[in-house]
Peer 1: 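First the structure, then my questions, so here it is.
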2 protein chains.
Amino acid sequence: METEQAVDALASLAQEHRLSIFRLLVQAGKEGLAAGAIAERLGVPPSSLSFHLAHLTRSGLISQERQSRTLIYRADYAAMNQLVAYLLENCCAGNACAVDLLVSQGACK
Amino acid sequence: METEQAVDALASLAQEHRLSIFRLLVQAGKEGLAAGAIAERLGVPPSSLSFHLAHLTRSGLISQERQSRTLIYRADYAAMNQLVAYLLENCCAGNACAVDLLVSQGACK
DNA sequence: ACCATATTTCTATAATTATCGAAACGTCGA
DNA sequence: TCGACGTTTCGATAATTATAGAAATATGGT
């Protein structure tokens with residue numbers, strides 16, 4: 001992952017509503033969630049939500065699929081993993097590293 | 001790490017100059033770098049640089065120590081690891097995870 | 001005390017981003 | 001084909017963030 005992409009992805013997550021959206025979608029898993037369902041849970045007006053969904057989509061962290069009248073959004077785990085990998089590469093540089101910490105904590109399974 | 005802190009840290013990194021600063025400081029290690037040295041390498045005017053350093057400091061990702069006339073900045077690895085841990089907890093949720101990927105790649109030692 | 005150096009804070013301005021109502025668009029069912 | 005539904009796009013405005021010169025602060029050397 002290149003720096004510009006990383007900045008885009010970070011900017012997508014660096015906003016309360018968008019981070020909440022992303023977390024919801026991660027929880028929702030491969031089923032994903034309709035825009036309306038997200039709006040309902042977060043209490044964000046439709047046009048504002050749409051703005052944030054578009055932001056996340058542009059940066060590649062989520063994807064969109066039309067299912068008849070509703071639009072289903074899903075977290076893109078690969079993109080998120082790439083972002084985390086980028087951060088780890090740029091934060092480890094031979095120093096103590098989050099990976100060891102997380103593995104020892106049994107995070108992620 | 002709480003969501004508000006995570007948003008702050010993400011916002012700190014979601015800016016070209018600040019991400020560059022952070023990467024430089026990670027590379028520099030515990031020695032750290034003086035503000036002037038950073039300014040020189042990045043070609044950012046002093047007052048702008050100061051603005052970004054303050055931003056990173058506020059969010060806890062870097063620390064400041066005065067050494068006579070110069071101010072030394074250092075990356076705070078613990079803070080960065082906490083951020084990455086937050087992201088992994090919120091991106092894994094039982095799914096394929098960056099940690100395994102990175103361990104198998106031998107990232108971070 | 002004074003001057004030079006390193007850096008910040010102040011201040012104003014420009015640029016970007018967020019908010020959200022209203023209008024438009026795509027899709028379905030009658 | 002018409003109306004209802006789910007959602008986006010448009011457009012105008014508010015809020016936040018970035019930029020950088022100039023002035024101020026802190027420190028050390030003479």
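Numbers restart at 1 for each chain; the letters A, B, ... are given by sequence-line order, proteins then strands.
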Peer 1: Find out whether B:Q5 and B:Y86 are in side-chain contact, i.e. whether some heavy atom of one side chain is under 4.5 Å from a heavy atom of the other.
Peer 2: no

Peer 1: Just so I know, are the side chains of A:L10 and B:L10 near enough to count as touching, which here means a heavy-atom distance under 4.5 Å?
Peer 2: yes

Peer 1: Treating Ile, Leu, Val, Met, Phe, Trp and Tyr as nodes and any side-chain heavy-atom pair under 4.5 angstrom as an edge, say whether A:I72 and A:I38 lie in one connected cluster.
Peer 2: no

Peer 1: Mind jotting down which residue pairs meet the side-chain hydrogen bond (donor to acceptor under 3.5 Å, both in side chains) criterion with at least one end in residues 50-64 of chain B? Sequence neighbours excluded, please.
Peer 2: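 Listed by first then second residue: B:S12-B:H55, B:S12-B:S59, B:R18-B:H52, B:Q64-B:Y73.
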
Peer 1: Which residues satisfy the salt bridge (charged side-chain N to carboxylate O under 4.0 Å, His left out) test with B:E2, sequence neighbours excluded?
Peer 2: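 With sequence neighbours excluded, B:E2 shows a salt bridge (charged side-chain N to carboxylate O under 4.0 Å, His left out) to no residue whatsoever.
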
Peer 1: Once you round it to whole Å, what is the distance between C1' of D:dT25 and CD of B:Q64?
Peer 2: 13 Å

Peer 1: For DNA chain C, find the residues of residues 67-74 of chain B with a heavy-atom distance under 4.0 Å and give them by number; none if there aren't any.
Peer 2: B:R69, B:T70, B:L71, B:Y73

Peer 1: Under the salt bridge (charged side-chain N to carboxylate O under 4.0 Å, His left out) test, which residues partner B:E65, sequence neighbours left out?
Peer 2: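 Listed in chain order: B:R74.
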
Peer 1: At under 4.0 Å between heavy atoms, which parts of nucleotides 11-20 of chain D does protein reach? Answer with one letter per nucleotide, 5' to 3': B base, S sugar-phosphate only, - none.
Peer 2: -------BBB

Peer 1: Give the rounded distance in Å between these two atoms: CD of B:E65 and C1' of C:dA6.
Peer 2: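 Rounded to whole Å, this separation is 15 Å.
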
Peer 1: So what does B:A39 touch, heavy atoms closer than 4.0 Å: a base, only the sugar-phosphate, or nothing?
Peer 2: nothing

Peer 1: From CG of A:L49 over to C1' of C:dT19, roughly how many Å is that when rounded to an integer?
Peer 2: 12 Å

Peer 1: Rounding to an integer number of Å, can you tell me how far A:I38 CD1 sits from D:dT8 P?
Peer 2: 9 Å

Peer 1: My understanding is that only residues two or more places apart in sequence, or in another chain, count here; which of them pass salt bridge (charged side-chain N to carboxylate O under 4.0 Å, His left out) with A:R23?
Peer 2: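 Listed in chain order: nothing, the list is empty.
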
Peer 1: Do B:L49 and B:I21 have side chains that get closer than 4.5 Å, going by heavy atoms?
Peer 2: yes

